[in-house]
Structures are given as C-alpha cells and as structure tokens.
Amino acid sequence: MAGAAVEGDGAMEIVSAAPLETAGPDQISFVGNAKAARHAAESGAGCLVVPEDFDNSSGRTILRVCDPRSQFAKILGALHPRPRAVAGIHPAAVVAGSAVLGPEVSIGANSVVGERVRIGGQTVVHANVTIYDDVEIGERCIVHSGAVLGADGFGFVFEGGRFEKFPQVGRVVIGNDVEIGANCCVDRAALGATSIGDGTKFDNMVHVAHNCRIGKHVVIAAQTGMAGGCTIEDYAVIGGQVGLGEGVRIERGVTLGSGAGVLSHKIVRRGQVMWGTPARPLKEYLANLGNLARLEDWKVRLKAIEDKLR
Amino acid sequence: MAGAAVEGDGAMEIVSAAPLETAGPDQISFVGNAKAARHAAESGAGCLVVPEDFDNSSGRTILRVCDPRSQFAKILGALHPRPRAVAGIHPAAVVAGSAVLGPEVSIGANSVVGERVRIGGQTVVHANVTIYDDVEIGERCIVHSGAVLGADGFGFVFEGGRFEKFPQVGRVVIGNDVEIGANCCVDRAALGATSIGDGTKFDNMVHVAHNCRIGKHVVIAAQTGMAGGCTIEDYAVIGGQVGLGEGVRIERGVTLGSGAGVLSHKIVRRGQVMWGTPARPLKEYLANLGNLARLEDWKVRLKAIEDKLR
Amino acid sequence: MAGAAVEGDGAMEIVSAAPLETAGPDQISFVGNAKAARHAAESGAGCLVVPEDFDNSSGRTILRVCDPRSQFAKILGALHPRPRAVAGIHPAAVVAGSAVLGPEVSIGANSVVGERVRIGGQTVVHANVTIYDDVEIGERCIVHSGAVLGADGFGFVFEGGRFEKFPQVGRVVIGNDVEIGANCCVDRAALGATSIGDGTKFDNMVHVAHNCRIGKHVVIAAQTGMAGGCTIEDYAVIGGQVGLGEGVRIERGVTLGSGAGVLSHKIVRRGQVMWGTPARPLKEYLANLGNLARLEDWKVRLKAIEDKLR
C-alpha cells in the first residue's frame with residue numbers, strides 16, 4: 001500500500017477482511033472513527049488499518065494511513081473481488097431490437113429494455129429492471145433490480161371534471177459511472193430530458209420526476225423524492241426521505257439533511273447545509289429545536305410574569 | 001385550434017414541440033406562467049402558445065388561448081403521437097388461464113397476471129408489473145412498471161409472543177381511466193375490497209394499504225402512503241410523501257400539501273387545504289411557521305421582561 | 001371454538017365472512033372495537049364475534065370471546081382458505097444452479113434467485129422478486145412481489161473529486177417466519193451480514209440499508225427506511241414512513257410512531273414510545289404539540305405584558 005508502513009508482524013498472513021467485532025487472527029479490519037478506536041483493543045483481527053494518530057500501545061499489527069476507510073476499501077476489493085456481472089444479455093431478458101448496447105454491457109434476467117434505448121459500455125443492468133423506450137445510459141453505470149427508468153412523468157390537465165394526460169414525450173439521459181439503487185424511479189421528461197450527470201449515486205427507492213436535472217457526483221440517499229423540474233447541481237449531498245417541491249434548485253455542494261423538505265420553487269444557495277421542513281440552515285434549525293425544547297419552561301415563566309403583574 | 005387566433009406568421013411551418021429554452025424556429029413551445037413569460041423573449045421558438053394577457057410587443061408569432069398548458073398538451077399529442085402499446089400479451093408475460101382480458105389490452109414483457117384477474121378493454125399494463133389473484137381493473141387504465149397490485153394487506157394477530165397472519169382474503173377493485181405509477185403498491189383487502197375510483201391518478205411509489213377506498217378523479221403524488229381502512233373522496237388532491245394513519249377520512253375536494261401527516265381516524269372536512277404534521281389548515285400552518293421563526297425573538301423579550309420585573 | 005359459547009341460534013348456517021357493513025344472514029363478521037360495537041346493531045350479519053362485554057340486548061346470534069379479532073382471524077382462515085402457493089419453481093423464474101431450496105419452497109413467475117442463495121422449506125417467494133447472490137432466507141417466510149434482497153449497500157469513498165464504490169461483499173440473512181412486503185429493499189452488508197430475525201414482518205416499501213440488524217418479532221409499517229448499521233431489537237413496533245439515521249439503536253419493545261425520525265447514532269431505550277422528528281417520548285411530543293398550538297395566544301400575551309410595562 002502506497003505510503004503505508006506496517007507496524008508489528010509484517011510477515012503475517014491475511015486471507016480475508018471482516019468487521020472489527022468478528023475478525024480473527026488471519027483477517028484484516030479497520031478503525032474508521034473514535035468509537036471504533038475504543039473497540040479496537042477487543043478485536044481479534046490479525047491486522048488493523050488505522051488512522052495516523054492511533055494509539056498502538058498494545059502493540060498490535062497495524063497499517064497506519066491517513067484515510068483508513070478509503071485504504072480499507074481498496075484492500076477489501078483486492079481480498080474479496082466480487083465476480084463481475086457476466087457481460088451479455090441474459091436469455092430471460094427482453095431487449096428491443098432497436099436498442100443499442102455498448103461493449104461488455106450486462107443485462108440481467110427478466111429485465112426489459114425498450115426501443116431505441118442506448119446503453120454505454122460496461123454498464124450493468126441487474127435483474128428485473130425496466131427501461132422504457134428512448135432512455136440513454138452512459139458507460140460503467142450500475143442499475144439495481146426493480147429500478148424503472150423512463151416511465152411517464154406525472155402531468156395532467158384538468159378539463160371537464162377529469163384529468164387528461166399531458167403527453168410525456170421527452171426522454172431520460174443518464175451519464176457515465178452513475179449508480180441507481182434498487183426500486184428507484186426516474187421519469188421521462190414531458191418535453192426534453194430528465195437528466196442525471198456523471199458519477200452521481202442513488203440509494204434505493206429514490207424518485208425523480210419529469211424534467212429534473214441532476215448534476216455530476218451528486219449523492220442521494222434512500223426514499224428521497226423530487227417533484228417535476230428540480231435542479232440539483234454538482235456535488236450536492238441529499239439525505240434520505242428528503243422531499244423537493246416543484247422547480248426547486250439545489251446549488252452546488254449543498255447538503256440536505258435526512259427528512260428535509262424544500263418548498264416548491266425555492267433555491268438553496270451554494271454550499272449551504274440545510275435541515276428540517278421547511279428546510280433552513282443547520283444552525284437555525286438547531287436553535288429552533290432548542291427553543292422548542294424550552295416551550296414548557298416559557299409557558300411557566302409567562303404565567304409567572306402575568307401573575308406578578310395582576 | 002378552436003377559438004385560438006394566430007398572431008404573426010400564420011403560414012409558419014411547425015414540425016415539433018420543445019421546451020422554451022431549447023426550442024428553435026420550426027418548433028412550438030408554451031408560456032404557462034409569469035416566470036415563463038419573462039423568459040419568452042429569449043426563446044428561439046418559432047411559435048408560442050400564450051395566455052390571453054400576454055404582452056406581445058416584440059411581435060412574435062403566437063397563439064393566444066385561455067389555457068395555454070391545456071392547449072399545448074393537445075398540440076403536443078398531435079405533433080408527437082407516442083406509439084400506443086401493442087395490444088396483446090407479450091410472449092414473456094405470464095397470464096393465468098383464468099384471467100379475463102378485455103379487447104385491446106396490452107400486457108408488457110415479464111408482467112405477471114394472477115388467477116381470476118379481470119382487466120378492462122384498452123388497459124395498458126407495462127413491463128414487470130405484478131397483479132395477484134382476484135384483482136379487477138377497469139378500462140383504459142395505465143399500470144406502470146414495477147407496480148404490485150393485490151399483495152397481502154399488513155394485518156397480524158399477536159398471540160403467544162408472535163405475530164400470526166390475519167387472513168387477507170379480500171380483493172382490489174380499480175375503476176376506469178386510472179393511472180398507477182411505477183413501483184406503486186395497492187394491497188388487497190382483508191375482507192371486501194380495496195378500491196380506486198374512475199379517473200384517479202397515482203404518481204410513483206404510492207402505497208395503498210388494505211381496505212382503503214379511494215374515490216374518483218383523485219390525484220396522489222409520489223411516495224405517499226396510507227394505512228389500512230382510509231377513505232379518500234372524489235377530487236381530493238394529495239401531495240407527495242404524505243402519510244395517512246389508519247382509518248383516516250379525506251373528504252371531497254380536500255388538498256393535502258406534500259409531506260403532510262394525518263393522524264389515525266381523523267377526518268379532514270370537505271374542501272379544506274391542509275399542511276404539515278399533524279396536518280392543519282394552511283392558514284394555521286403558516287401562522288405557526290411564522291411564530292416558530294419568532295421564537296428566538298421571544299426568548300430575548302421574555303428575558304428582558306423578567307429582568308425588568310426583578 | 002375453544003372457550004366460546006354461542007348465544008342465540010346455534011344451528012345457524014354460516015358460509016362465509018364479510019365486513020360488518022356488507023355481511024348478510026349467512027355470513028359472520030366481528031366487532032373489534034367500540035366504534036364497531038356502535039355499528040353492530042345495523043349489521044345484517046347472521047353471526048357476530050364480539051368482546052366479552054358486548055351488549056346483546058337486541059338478541060343477536062353472537063360468539064362471545066376475549067379477543068374477537070384474533071378469533072375471527074381463525075374463523076376467516078377456516079372459511080376462506082387461500083390456496084397455498086404451488087410448491088416448486090415457476091417455469092418463468094430464473095434460479096441459479098448453486099441456489100439451495102428447501103422442501104415445498106415456491107418461487108413465483110419471473111422471480112430471479114442468485115448464486116448460492118439458500119431458501120428454507122415452505123418459504124413462498126412471489127412473482128417478480130429479485131434475490132441477489134449469497135442471500136439466506138429461513139423457513140415459512142413470505143416474500144412479496146417486487147422485493148429486492150441483497151442489492152449493494154450504499155457505501156462510497158470520496159477520492160479525487162469522485163465517489164468510488166466501497167466494496168459491498170457481505171450478505172443478507174433472514175430468519176424463519178419472516179414476511180417481506182411488496183417492493184421492499186434489504187441491502188447486503190459491506191462486510192458481515194444485514195440480518196432480520198425470526199417472526200419479523202415488513203409492510204411494503206421498507207428500506208433496510210447495509211449492516212442493519214433487525215431482531216425477532218419486529219413489525220415495520222410501510223415506507224419506513226433505515227440508514228446503515230442500525231439495530232432494532234426484538235418486539236419493536238415501527239410505524240410507517242419512519243426514518244432512522246446511521247447506527248441508530250432501537251431497543252427491545254420500543255414503539256416508534258408513524259413519521260418519526262431518529263437522528264444518527266441515537267439510542268432509544270427499552271420499551272419507550274416515541275413520536276415526531278427528532279423522536280421524543282410520546283408525552284413530551286404531545287406537550288410540545290399543545291404548546292405549539294398556543295403560540296398564537298402567547299404572542300398576544302407577550303405583547304400585552306410589554307405594553308403594560310412600557
């Protein structure tokens with residue numbers, strides 16, 4: 001490992017990786033944070049990847065690195081290589097004749113790929129995925145099972161006491177190195193394209209409505225949903241169960257805490273960290289929480305003042 | 001277009017529709033609101049569908065109508081007809097022998113249709129849909145991919161330290177012209193039927209528990225869920241990520257804002273507009289938000305009063 | 001029925017069960033709560049299963065029992081036996097050669113079962129389920145359609161301006177008698193196992209992230225999600241649309257109300273009943289709600305005091 005020095009038994013044989021609690025003498029584990037550091041002493045791991053300031057007074061065999069989690073990820077990948085998805089179309093998949101698949105694309109069992117879909121090289125579409133017509137996916141993407149890409153956006157015109165469909169004739173365009181979690185939904189645009197930029201990662205059950213534009217290297221945790229026409233700029237980090245109203249703009253590098261709600265057409269400015277519903281800056285959110293916790297006290301104090309003034 | 005007069009170049013050739021920002025000289029677009037009106041000047045669109053009060057001092061070619069979005073929807077449908085789903089059962093679908101399908105029904109690839117299911121004419125079931133036994137669907141419905149209709153309701157009896165299944169022997173009955181979004185779940189009733197009325201539209205990932213009764217022309221946005229035995233009357237409009245507790249009744253024409261939560265067995269009266277959790281009338285919700293924003297100020301004032309009285 | 005005495009016409013013939021409102025003279029129904037008791041008089045049911053204190057002054061034919069809902073569940077199961085899922089692998093399912101299925105396992109149409117998956121006897125996997133490699137499921141489980149078990153956990157390392165996958169090489173281990181609702185997602189662990197204990201029941205669209213450990217006889221309502229590394233101990237009851245942050249611990253017998261949110265790394269102690277976001281004890285939550293409802297009043301009173309002191 002570049003730049004990492006083994007302290008202790010450099011000849012130790014490590015055959016696999018395991019969590020701190022269950023690792024044995026031929027296994028490697030890692031110490032990612034202060035809490036883990038406290039539990040490190042009890043771990044039976046033969047070797048530990050640790051941060052630079054790790055206290056090794058017990059004389060364990062360790063690898064001291066500046067980012068243990070990141071280094072451990074590399075070791076893990078080397079020790080436990082997961083077999084790459086088999087390239088090619090599973091015989092139980094259904095791929096339209098007009099779909100264009102790049103080299104080494106893998107389409108899982110029972111997945112359905114519509115007309116004129118384009119999928120870039122080395123992308124893996126797991127089992128039971130549905131890709132509607134005219135969706136475009138870049139290279140090296142991963143689409144997990146149950147995801148639905150390109151279903152109709154949710155647009156209607158109310159006329160004569162009933163809802164008529166607003167035609168959804170746009171597309172979905174997904175960049176390179178994107179990961180889409182299980183059971184996510186990305187709707188096609190009414191007109192134009194719903195788009196997801198390079199390197200963006202979705203956890204499970206994320207809902208992207210028609211005409212959203214999501215930038216590059218955005219991370220979105222599970223069960224978050226956005227209404228139509230939202231923009232999320234590059235490097236935003238969106239927690240789980242977040243809700244964005246119509247036409248919301250989340251600027252570059254914003255962090256939205258889990259459960260946050262942003263009202264329609266609001267703009268969250270570059271780099272802000274927002275929590276709560278309606279979402280507000282973290283500091284304000286915490287001050288508000290503090291005040292809410294004091295209401296019971298205020299009730300008593302207000303009464304006492306009134307009694308005094310009577 | 002009935003009642004619409006072209007101003008400008010009536011002989012202009014329009015070949016397709018496009019969003020305001022990207023439309024070119026042979027494309028038509030529309031101005032749906034004040035914000036769009038401000039951007040209309042910069043649009044390269046050859047023709048614009050605009051509201052009656054649109055300021056056309058720049059002399060563009062326009063179609064002046066009373067409801068631009070609705071008129072544009074019709075133009076869009078005419079310029080970009082999406083091919084109708086092919087009628088018939090896809091060879092990779094699995095349809096039980098006892099299922100009864102009306103004329104021109106389309107069952108997508110890898111969808112599964114259970115025993116005694118009845119599907120009305122012209123209904124489109126997209127790919128990878130699951131319809132359990134005994135579900136009934138009306139005519140001209142659209143069921144998007146990943147939807148699951150008729151799975152067991154979530155009912156248990158706690159006995160002897162464990163949960164035993166409360167049998168879920170009811171059905172799901174869906175009316176005509178209903179649209180069910182991708183990855184929605186509509187559970188069968190324990191007894192009787194979970195029902196959805198004519199013309200109702202669901203966005204993606206909506207969860208309908210056992211024994212809910214949803215009326216006609218109801219609109220429910222994405223990721224909303226309702227517990228068992230809820231009633232939603234006709235023409236209600238339910239936002240995204242809304243939660244309804246057990247046995248809630250939402251009366252005719254109610255609007256529930258996105259993220260609202262309604263406690264079990266509550267009734268929301270006809271026509272009300274409700275927000276927040278627990279949901280309350282919009283006016284009250286906004287007053288409450290206003291007061292919350294003032295808590296920091298109140299803290300200071302309360303302290304000042306106490307100091308004065310000391 | 002053990003311990004139940006028929007009052008009235010013991011020779012009455014009951015052929016089926018129905019809800020209180022629709023039951024006819026040859027049908028049985030039940031009175032589960034006070035509200036139902038008020039409607040019992042109008043019911044056309046031939047026989048009613050009622051609680052011990054039921055007022056039968058109208059002289060109906062009744063079965064008096066200590067837990068009507070539980071007894072009725074048994075009668076329902078007997079009167080309306082749902083056909084057991086056919087044992088065996090549906091011809092349209094795709095099951096890896098290395099998967100090991102116990103006796104009488106049923107794999108539904110278009111479901112996909114990965115390599116080295118183990119499924120215990122009598123478990124029913126409904127249609128369109130996806131089970132990734134190396135997942136283990138116990139006996140007598142029910143997995144509803146659209147569920148995805150074993151997709152990659154959501155873990156990344158940020159490096160050089162982009163997110164690299166933290167390898168997800170762990171497993172999913174599910175006990176006996178577990179029910180997984182439609183469109184649920186249970187992610188595999190990064191290392192080790194995401195686990196679900198015996199007798200636990202999930203409603204639809206529940207999201208379980210990597211490395212969560214869920215105990216025995218836990219009930220989780222629809223659309224609830226938990227971030228990585230959460231622990232939920234035995235007999236916890238979790239409402240719908242609940243969100244748990246990373247590493248949360250929910251101790252034995254806790255109840256979390258619907259919509260509750262628990263911040264990362266919090267511990268909810270044994271037996272507590274918690275509501276709201278951030279979740280707090282029910283009593284505190286209700287006091288808080290009460291105070292929130294009084295803010296408008298406080299505003300006026302604070303102003304009045306200041307005027308008096310001016």
Side-chain angles (χ1 to χ4, degrees), chain A residues 17-19 21-22 29 35 67 69-70 72-74 76-77 79-83 90 92 108-110 126-128 142 144-146 177 179 181-183 198-205 216-217 219 221-223 235 239-241 258-259 276-277 289 292-293 295-296 298-299 302 305-306 309, chain C residues 92 94 110-112 114-115 128-130 132-133 146-148 151-152 154-159 161-169 183-185 187 189-192 205 207 209 211 223 225 227 241 243 245 261 263-265 277-278 284 287-288 291-292 294-295 298 301-302 304-305 308-309:
Chain A
E21 310 88 58
T22 65
S29 195
K35 189 185 161 198
D67 184 350
R69 186 165 175 272
S70 160
F72 184 69
K74 281 172 191 147
L76 197 53
L79 285 173
H80 299 263
R82 273 182 71 192
H90 190 284
N110 290 337
H126 283 278
N128 276 322
I142 301 173
H144 283 285
S145 295
D177 302 299
E179 183 159 350
N183 286 344
D198 294 348
T200 283
K201 314 292 184 186
F202 286 5
D203 200 347
N204 301 330
M205 294 191 219
K216 297 180 180 177
H217 309 295
V219 169
Q223 297 181 321
Y235 293 107
Q241 298 183 334
S258 289
T277 301
L289 271 193
L292 285 176
L295 290 184
E296 201 61 29
W298 293 9
K299 181 169 73 177
L302 197 59
I305 294 168
E306 288 173 330
L309 290 178
Chain C
V94 175
N110 289 337
S111 281
V112 177
E115 299 291 348
N128 276 322
V129 168
T130 309
Y132 281 60
D133 298 345
V148 178
D152 288 353
F154 195 63
F156 297 91
V157 170
F158 190 68
E159 224 177 51
R162 46 187 294 141
F163 294 93
E164 300 291 347
K165 206 172 179 61
F166 190 99
Q168 303 289 316
V169 304
N183 285 344
C184 283
C185 296
D187 282 355
L191 264 182
M205 294 192 219
H207 162 72
N211 294 84
Q223 296 181 322
Q241 297 183 335
L263 294 175
S264 294
H265 303 293
T277 302
E284 218 175 276
N288 201 286
N291 286 329
L292 286 175
R294 283 180 212 111
L295 290 184
W298 294 9
R301 285 161 62 191
L302 197 59
I305 293 168
K308 200 174 245 183
L309 291 177

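Below, each value reflects all heavy atoms present in this structure, side chains not excepted, and no hydrogens, waters or symmetry copies. Note on naming: letters A, B, ... go to the chains in the order of the sequence lines (proteins, then strands), and numbering restarts at 1 for each one. Not measured: the values here are computed from a predicted model.
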Could you have a look at C:F166, C:F156, C:F154, C:F163 and say which one has the most heavy-atom pairs with chain A under 4.5 angstrom? C:F154
Pick whichever of A:I305, A:D203, A:L76 has the most heavy-atom pairs under 4.5 Å with chain C. A:D203
Selection from A:D177, A:D198, A:T200 maximising heavy-atom pairs under 4.5 Å formed with chain C: A:D177
Given C:L191, C:L309, C:T130, the one with more heavy-atom pairs under 4.5 angstrom with chain A than any other is C:L191
Where C:S111 and C:V129 come nearest, the two heavy atoms and their spacing: OG-N, 2.8 Å
C:G161, C:G245, C:A151: which one forms the most heavy-atom pairs within less than 4.5 Å of chain A? C:G161
Please classify the contact between C:A92 and chain A as side chain, backbone, both or neither, with a heavy-atom cut-off of under 4.5 Å. backbone
What part of A:S70 is in contact with chain C, defined as an atom under 4.5 angstrom from a non-hydrogen atom: side chain, backbone, both or neither? both
Between C:R294, C:E164, C:K165, C:E284, which shows the greatest number of heavy-atom pairs under 4.5 Å with chain A? C:K165
So which residue, A:G240, A:A109, A:S29, ends up with the most heavy-atom pairs under 4.5 Å with chain C? A:A109
Which of C:T277, C:N211, C:V157, C:L292 touches chain A most, by non-hydrogen pairs under 4.5 Å: C:V157
Can you name the nearest heavy-atom pair linking A:Q241 to C:G243, along with the distance? OE1-CA, 3.2 Å
For chain A, find which of C:D133, C:N183, C:D152 contributes the most heavy-atom pairs closer than 4.5 angstrom. C:D152
Using a 4.5 Å cut-off on heavy atoms from C-beta on, say whether the side chain of C:Q168 contacts that of C:D187. no
Can you give me the closest heavy-atom contact between A:A182 and A:N204, atom names plus distance? N-OD1, 2.8 Å
Partners passing side-chain contact (heavy atoms from CB on, under 4.5 Å) against A:Y235 (at least two apart in sequence or in another chain): A:H217, A:R252, C:F158
Residue selection (most heavy-atom pairs with chain C, distance under 4.5 Å) from A:E21, A:K35, A:H80, A:H144: A:H144
Shortest non-hydrogen contact between A:A17 and A:L79, atoms and distance: N-CD1, 4.0 Å
Taking the side chain as every heavy atom from C-beta outward, state whether A:N128 and A:N110 have any atom pair closer than 4.5 Å. yes
Which heavy atom of A:S145 sits nearest a heavy atom of A:A127, and at what distance? OG-O, 2.8 Å
Identify the two heavy atoms, one from A:E296 and one from C:A287, that lie closest to each other, and give their separation to 0.1 Å. OE1-CB, 3.9 Å
Contacting moiety of C:E115, where chain A heavy atoms sit under 4.5 Å: neither
